[in-house]
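Side chains included, hydrogens not; waters and symmetry mates left out as well; all remaining heavy atoms used.
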Amino acid sequence: MTEAATDTPMIRVSAVDKYFGALHVLKDIDLEVPRGQVVVVLGPSGSGKSTLCRVINRLETIDSGSIAIDGTPLPAEGRALAELRADVGMVFQQFDLFAHKTILDNVTLGPIKVRKVGRAAAREEAMQLLERVGIADQADKHPAQLSGGQQQRAAIARALAMRPKVMLFDEPTSALDPEMVNEVLEVMTGLAAEGMTMLVVSHEMGFARRAAHRVLFMADGEVAEDSTPDDFFQAPKSSRATDFLGKIL
Ligand code: ADP
Ligand code: MG
């Protein structure tokens, strides 16, 4: 690999604007996330955090600007979009598993359909991933038979099965009972330690301090602060961030 390729940011968001009708939800956002970096995004409800994730995964279109994953601009639609989207794994607050399929089938579906992996190979790889997130023994069950924490770990395994270059997490532990938060954060911490590039919307301070290289604070559709976890939590620069931290800490 050439040096230039290594320097290409894994995620590049350039001058992105997004409107919902008259509502300006993302305002001229510029963001570069280098390979292997873990970014925690926080900010008040309605500040645009989920929309930022969704435009990076192209679940939402943008009104202006551009987004590139590992140097490849997000195409508008079609096969190229499907391929590029496979590079970006996403885990949502609501685990979003297919209810009528087993956990194993949830994980193998994408590789078989999109990556064209053979069924046996897909199952083998899926079992390794379920092992890695600690729920191999749940493979033949249906989502409703699992706890929330187990379902969210299954959702992470399903995303990883696509061999993404980037993982986006949108409040992955917000819907969980408190005693299940850590088992999900531990899986995420492990991924971070292995060098996965991650954008994580989360208000879990422990995770941010332990795993994040960088914290973005969003307010009113803008990145209001971009700093290290230590700097942000100890001495936020803006009054908006100070107010926010006062409410969640
Ligand atoms: P956050 O994740 O930070 O809470 P969101 O990105 O979900 O914020 O939302 C940002 C703003 O955009 C909010 O005002 C929200 O109501 C609005 N919004 C989000 N999705 C839609 C949509 N599909 N249609 C209209 N407005 C939306
Ligand atoms: Mg949100």
Side-chain angles (χ1 to χ4, degrees), residues 9-33 37-69 72-78 80-82 84-96 152 155 159 164 166-176 188 197-205 207-208 212 214-227 229 232-233 236-249:
M10 195 54 106
I11 305 172
R12 185 169 48 74
V13 175
S14 307
V16 163
D17 284 285
K18 171 69 183 173
Y19 293 82
F20 286 117
L23 190 65
H24 199 175
V25 182
L26 296 178
K27 298 174 182 166
D28 195 25
I29 301 276
D30 287 304
L31 172 65
E32 288 195 355
V33 181
Q37 192 173 68
V38 178
V39 180
V40 164
V41 182
L42 34 75
S45 180
S47 55
K49 306 178 299 293
S50 293
T51 306
L52 178 63
C53 289
R54 293 171 64 82
V55 299
I56 292 172
N57 198 22
R58 198 52 171 75
L59 291 169
E60 295 283 357
T61 57
I62 54 179
D63 294 300
S64 58
S66 64
I67 296 175
I69 302 298
T72 306
L74 274 185
E77 57 195 11
L81 175 61
L84 202 66
R85 192 181 270 159
D87 286 342
V88 183
M90 183 142 175
V91 174
F92 302 89
Q93 179 173 340
Q94 296 302 338
F95 329 120
D96 245 15
Q152 195 58 304
V166 172
M167 285 285 285
L168 308 176
F169 294 86
D170 190 3
E171 304 210 34
T173 60
S174 299
L176 296 177
M188 293 167 60
T197 307
M198 294 166 54
L199 191 74
V200 182
V201 178
S202 173
H203 296 158
E204 292 290 339
M205 299 301 132
F207 175 79
R214 182 176 175 192
V215 168
L216 300 183
F217 174 70
M218 287 192 71
D220 293 330
E222 292 173 318
V223 176
E225 296 203 28
D226 184 347
S227 43
F232 182 74
F233 294 120
K237 294 182 210 88
S238 63
S239 59
R240 282 189 297 193
T242 308
D243 287 349
F244 174 76
L245 285 173
K247 285 179 190 133
I248 62 163
L249 288 181

Worksheet item: Heavy atoms, side chains only, cut-off 4.5 Å: are Phe95 and Leu176 in contact?
Response: yes
Worksheet item: Less than 4.5 Å apart, any side-chain heavy atom of Lys18 and any of Ile29?
Response: no
Fill in: Tyr19 side, atom OH; Thr61 side, atom OG1 - distance, nearest 0.5 Å
13.0 Å
Practice prompt. Using modelled atom types only, decide if a donor and an acceptor are shared between the side chain of Asp87 and the backbone of Pro164 within a distance under 3.5 Å.
Written response: no
Discussion item. Let me confirm one number: the CZ-CD1 distance from Arg58 to Ile69, rounded to the nearest 0.5 Å.
Written reply: 12.0 Å
Worksheet item: Do Asp226 and Arg214 sit within salt-bridge range, that is, some charged N less than 4.0 Å from a carboxylate O?
Response: yes
Worksheet item: Which distance, rounded to the nearest 0.5 Å, do you find between the OG of Ser45 and the CD of Glu171?
Response: 8.0 Å
Practice prompt. Look up atom OG in Ser47 and atom CD in Glu222, then write down how far apart they are to the nearest 0.5 Å.
Written response: 11.0 Å
Discussion item. Could you walk me through whether Glu225 and Val215 satisfy the side chain to side chain contact (heavy atoms under 4.5 Å, CB included) test, starting with their C-alpha distance in whole Å, then the side-chain angles of each, then the deciding distance to 0.1 Å, before giving a yes or no?
Written reply: CA-CA 8 Å; Glu225 296 203 28; Val215 168; over 6 Å; no
Item to complete: Side-chain contact test, heavy atoms from C-beta onward, threshold under 4.5 Å: evaluate it for Arg12 versus Ser66 and give yes or no.
Response: yes
Item to complete: For Lys49 and Pro44, indicate whether the former's side chain and the latter's backbone hold a donor-acceptor pair under 3.5 Å.
Response: yes
Worksheet item: Does any N or O in the side chain of Gln152 come within less than 3.5 Å of the main-chain N or O of Phe92, such that one atom is a donor and the other an acceptor?
Response: yes
Practice prompt. Find out whether Asp170 and Gln93 are in side-chain contact, i.e. whether some heavy atom of one side chain is under 4.5 Å from a heavy atom of the other.
Written response: no
Fill in: Test log, rule side chain to side chain contact (heavy atoms under 4.5 Å, CB included), inputs Phe232 and Leu42
CA-CA 11 Å; Phe232 182 74; Leu42 34 75; 3.5 Å; yes
Worksheet item: What distance separates Ser174 OG from Glu204 CD, expressed to the nearest 0.5 Å?
Response: 7.5 Å
Discussion item. Restricting to non-hydrogen atoms, name the atom on Gly89 and the atom on Ala159 that form the minimum distance, rounded to 0.1 Å.
Written reply: CA-CB, 4.3 Å
Worksheet item: Do side-chain atoms of Thr242 reach the backbone of Ser238 as a donor and acceptor pair under 3.5 angstrom?
Response: yes
Item to complete: Sort and list the pairs that fulfil salt bridge (Lys or Arg N to Asp or Glu O under 4.0 Å) and have at least one residue in residues 237-249, not counting sequence neighbours.
Response: Asp220-Arg240
Fill in: Identified side chain to side chain contact (heavy atoms under 4.5 Å, CB included) partner of Met218 from the options Leu26, Val201, Thr51
Leu26
Response to the item:
Taking every heavy atom of Val166 against every heavy atom of Ile11, the minimum-distance pair comes out as CG1-CD1, 3.6 Å
Worksheet entry | Spacing of CG belonging to Leu168 relative to CD1 belonging to Ile56, to within rounding of 0.5 Å | 6.0 Å
Worksheet entry | Audit row: Leu216, Val39, side chain to side chain contact (heavy atoms under 4.5 Å, CB included) steps and yes/no | CA-CA 7 Å; Leu216 300 183; Val39 180; 3.6 Å; yes
